[in-house]
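Working notes, beginning with the structure itself.
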Amino acid sequence: MAANVFTTGTGTATSLADPLVNILFSQKLHVETQDELWFNQRGLMKKEDGSESTFERKGDSPIVVKDEFGRERGQRIRLALRKQLTTNVGLADRDGAGTGGTVLNQYTFGVSSMIDQEENMNLYDMEVVVELMKHAVGFATPELQDLRTPLKMEQEAAAALKDWLAGQYEESILDAHYEGNAAHVIKSGFASATAHPRVVWGNDATAQSDISSNDTLSAADLRKVYETCRINNINPLKVDGKEMYVLLAHVYSISDLMADADIKNTYQNAFTRTGAGAENPLFSRAEIIFEGIAVHEYNRIRVPGSGTNAASTRRNIVLGADALICGNASEPRLVRRKEDAYEDRYGVGIKQIFGCARADFQHINNNTTLNQSSAELMNWSVA
């Protein structure tokens, strides 16, 4: 073996490769950063409390988390929705004096008998199905693994799996919005992927076939979203005493929005300030608050699978109150590989049973779908 010579006082850059020079190993492991449940950090998730009033909605959060699975056995949880009675509601001409609409139902006032004139109540329901999500990390000769690095591989594997599961939970929330259910529930055959029933197209686009570079996110689109939500009775969120909706927009779409002339003028003249006392992250952590829309930048916004300019079409997410339901049947838990090949193979895994679903209520007697909580805003941006 050739000798390595190192003369003191004559060290150069090449001497750093000398085996006699100590190598210091940092005790900190650098990992890819990933926020655990971005939705939770932004105040977009809450535990379900139930008993929401028809006319006094709490509107705490767009994502509701249910933990009832952990107390009772069952793989599905069903939520019920009772529609309001509609007789005489929304009539354009209630007194019959004009030409705008129908008069009051004759059986709802005066001496007319109500016998056999009762209105049927419409009941809807939706299901959240839970399924197992799991993953594992393995490595050979664990004794040597711990000798080759100062890091404890078992601990780092557990931390990596924890981050992975957090990412999968977040993706499942997105699956629920875009496809109706979490992907691992759909892949297991418990549900079918269903496109969102309410799509709003940016600017003058009306379909994927004609979206183009003039359909970027703008102040006009925010107004259109607000109008769509109000007209379709989407439940608003209540943020610091104000009713509004949340828009999760792609990074590039946010850049387009910030370049919009109306937004620029609003910034300069009368932009909504959150103030020092605003602690609700729905409000305080939004990039823009504009005419009832709290816009949050989000880098996981998806694109269509095909179609004209699909790679440049951003499926931005509009959320009202109780838009998505997440059910937890178990807490995340770490598991160890049982068969270890004479302790030459080590494996650690993570498991959790959960599911997420979009709040699409189905009529009990037919296939009518009612969604009163969310929408998609389609905009063009750079790919």
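- When every heavy atom of Val382 is checked against every heavy atom of Ser312, the shortest pair comes out as C-OG, 4.3 Å.
- Side chain of Ser172 to backbone of Ala182: no donor-acceptor contact under 3.5 angstrom is found.
- Looking at Gln362 and Thr369, their side chains do bring a donor and an acceptor atom within 3.5 Å of each other.
- Annotation: ring-ring contact (aromatic ring centres under 6.0 Å, His included) contacts of Tyr124 (sequence neighbours excluded): His363.
- Remark: Glu118 pairs with no residue by the side-chain contact (heavy atoms from CB on, under 4.5 Å) rule, at least two apart or across chains.
- Taking the side chain as every heavy atom from C-beta outward, Arg230 and Pro236 approach each other to under 4.5 Å.
- The backbone N or O of Trp380 lies less than 3.5 Å from no partner atom in the side chain of Thr313, so there is not a single donor-acceptor pair.
- Tyr252 and Asn299 share no donor-acceptor pair across their side chains, judged by distance under 3.5 Å alone.
- Leu44 is connected to Tyr169 through a chain of hydrophobic side-chain contacts under 4.5 Å among Ile, Leu, Val, Met, Phe, Trp and Tyr, so both are in one cluster.
- In the model, His196 has a side-chain atom that pairs as donor or acceptor with a side-chain atom of Ser374 under 3.5 Å.
- Put simply, the side chain of Asp260 never gets that close to the backbone of Leu257: no donor and acceptor are under 3.5 Å apart.
- Interatomic distance, CE of Met244 versus CD of Glu291, reported as 11.5 Å (0.5 Å rounding).
- Residue Tyr107 places its OH atom among 12 or fewer non-hydrogen atoms of other residues, nucleotides or ligands, all under 6.0 Å distant.
- Shown here is Leu144, whose CG atom has more than 12 heavy atoms of other residues, nucleotides or ligands within 6.0 Å.
- Between His135 and Trp164, the two ring planes are tilted [angle within 30° to 60°].
- Between Asn120 and Leu85 the shortest heavy-atom distance is O-CD2, 4.5 Å.
- The existence of a salt bridge linking Arg314 and Glu376 is excluded, since no basic side-chain nitrogen approaches an acidic carboxylate oxygen closer than 4.0 Å.
- Here CG of Leu247 is found 8.5 Å from CG of Leu319. Values are rounded to the nearest 0.5 Å.
- The distance from the SG atom of Cys229 to the CD atom of Glu243 is 12.0 Å, given to the nearest 0.5 Å.
- No salt bridge links Glu331 with Arg333; every basic N to acidic carboxylate O contact stays at or beyond 4.0 Å.
- Aromatic ring centres of Tyr298 and His296 lie farther apart than the 6.0 Å criterion allows.
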Between Val295 and Ile289, is the side chain to side chain contact (heavy atoms under 4.5 Å, CB included) condition met? List the steps. CA-CA 6 Å; Val295 185; Ile289 308 289; over 6 Å; no
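- Side chain of Glu343 to main chain of Arg345: no donor-acceptor pair is present (N/O by atom type, distance under 3.5 Å, no hydrogens or angles).
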Please report the C-alpha distance between Arg300 and Glu171 in whole Å, then the side-chain angles of each, then the deciding distance to 0.1 Å, and finally whether the side chain to side chain contact (heavy atoms under 4.5 Å, CB included) criterion is met. CA-CA 8 Å; Arg300 291 192 181 186; Glu171 290 292 345; 3.3 Å; yes
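- In plain terms, the two heavy atoms of Ala249 and Ser253 that are nearest each other are CB-CB, 4.3 Å.
- Counting all heavy atoms, side chain and backbone alike, Leu161 lies closest to Val137 at CD2-CG2, 3.8 Å.
- Residues Leu370 and Val199 are members of separate hydrophobic clusters, defined by side-chain heavy-atom contacts under 4.5 angstrom among Ile, Leu, Val, Met, Phe, Trp and Tyr.
- The distance from the CD atom of Glu179 to the CD1 atom of Ile186 is 6.0 Å, given to the nearest 0.5 Å.
- Between the side chain of Asp256 and the backbone N or O of Ser381, no donor-acceptor pair lies under 3.5 Å.
- Side-chain contact, Asp215 with Asn379: no donor N or O sits under 3.5 Å from an acceptor N or O.
- A salt bridge links Asp175 to Arg302: one of the charged nitrogens lies within less than 4.0 Å of a carboxylate oxygen.
- A donor-acceptor pair shorter than 3.5 Å cannot be found between the side chains of Asn232 and Thr228.
- For the pair Leu174 and Ile301, the minimum side-chain heavy-atom distance is 4.5 Å or more.
- Note: the hydrophobic cluster containing Ile254 does not contain Met378 (ILVMFWY, side chain heavy atoms under 4.5 Å, direct or indirect links).
- A distance-only check finds a donor-acceptor pair linking the side chain of Asn309 to the backbone of Ile211 [under 3.5 Å].
- Here Ile263 contributes atom CD1 and Phe290 contributes atom CZ; the two are 4.5 Å apart, rounded to the nearest 0.5 Å.
- Cluster partners of Val335, using a side-chain heavy-atom cutoff of under 4.5 Å among ILVMFWY residues and allowing indirect links: none.
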Arg223 vs Asp262, salt bridge (Lys or Arg N to Asp or Glu O under 4.0 Å): CA-CA, chis, key distance, verdict: CA-CA 11 Å; Arg223 294 190 187 98; Asp262 281 356; 3.4 Å; yes
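- Contact record, Arg358 with Met126: O-CE, 3.4 Å, taken as the closest heavy-atom pair.
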Output, in order, the C-alpha distance, side-chain angles, deciding distance and verdict of side chain to side chain contact (heavy atoms under 4.5 Å, CB included) for Leu237 and Tyr245. CA-CA 6 Å; Leu237 292 153; Tyr245 302 93; 5.7 Å; no
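- The closest side-chain heavy-atom distance from Pro197 to Asp360 is below 4.5 Å.
- Evaluation of the side chain to side chain donor-acceptor pair (under 3.5 Å) test over residues 183-195, restricted to residues two or more places apart or in two chains, returns Glu131-Ser188.
- In this structure, Tyr178 has no ring-ring contact (aromatic ring centres under 6.0 Å, His included) partners at least two apart in sequence or on a different chain.
- Summarising the geometry of Phe354 relative to Met133, their closest heavy-atom pair is CE2-CB, 3.6 Å, with the distance given to 0.1 Å.
- Judged purely by atom type and a 3.5 angstrom limit, Lys224 uses its side chain to pair as donor or acceptor with the backbone of Asn203.
- Hydrophobic clustering of Ile, Leu, Val, Met, Phe, Trp and Tyr side chains at less than 4.5 Å, counting indirect connections, unites Leu165 with Val65.
- Linking ILVMFWY side-chain heavy atoms closer than 4.5 Å, directly or via other members, places Val303 and Val318 in two distinct hydrophobic clusters.
- Distance alone, capped at 3.5 Å, is enough to place a donor-acceptor pair between the Thr108 side chain and the Asn105 backbone.
- In summary, the side chains of Ser330 and Gln352 do not present any donor paired with an acceptor at a separation below 3.5 Å, with no hydrogens or angles considered.
- Annotation: the span from Ile173 atom CD1 to Ile325 atom CD1 amounts to 11.5 Å, rounded to 0.5 Å.
- Under the ring-ring contact (aromatic ring centres under 6.0 Å, His included) criterion, Phe139 pairs with Tyr346, not counting sequence neighbours.
- Put simply, the side chain of Glu297 never gets that close to the backbone of Val251: no donor and acceptor are under 3.5 Å apart.
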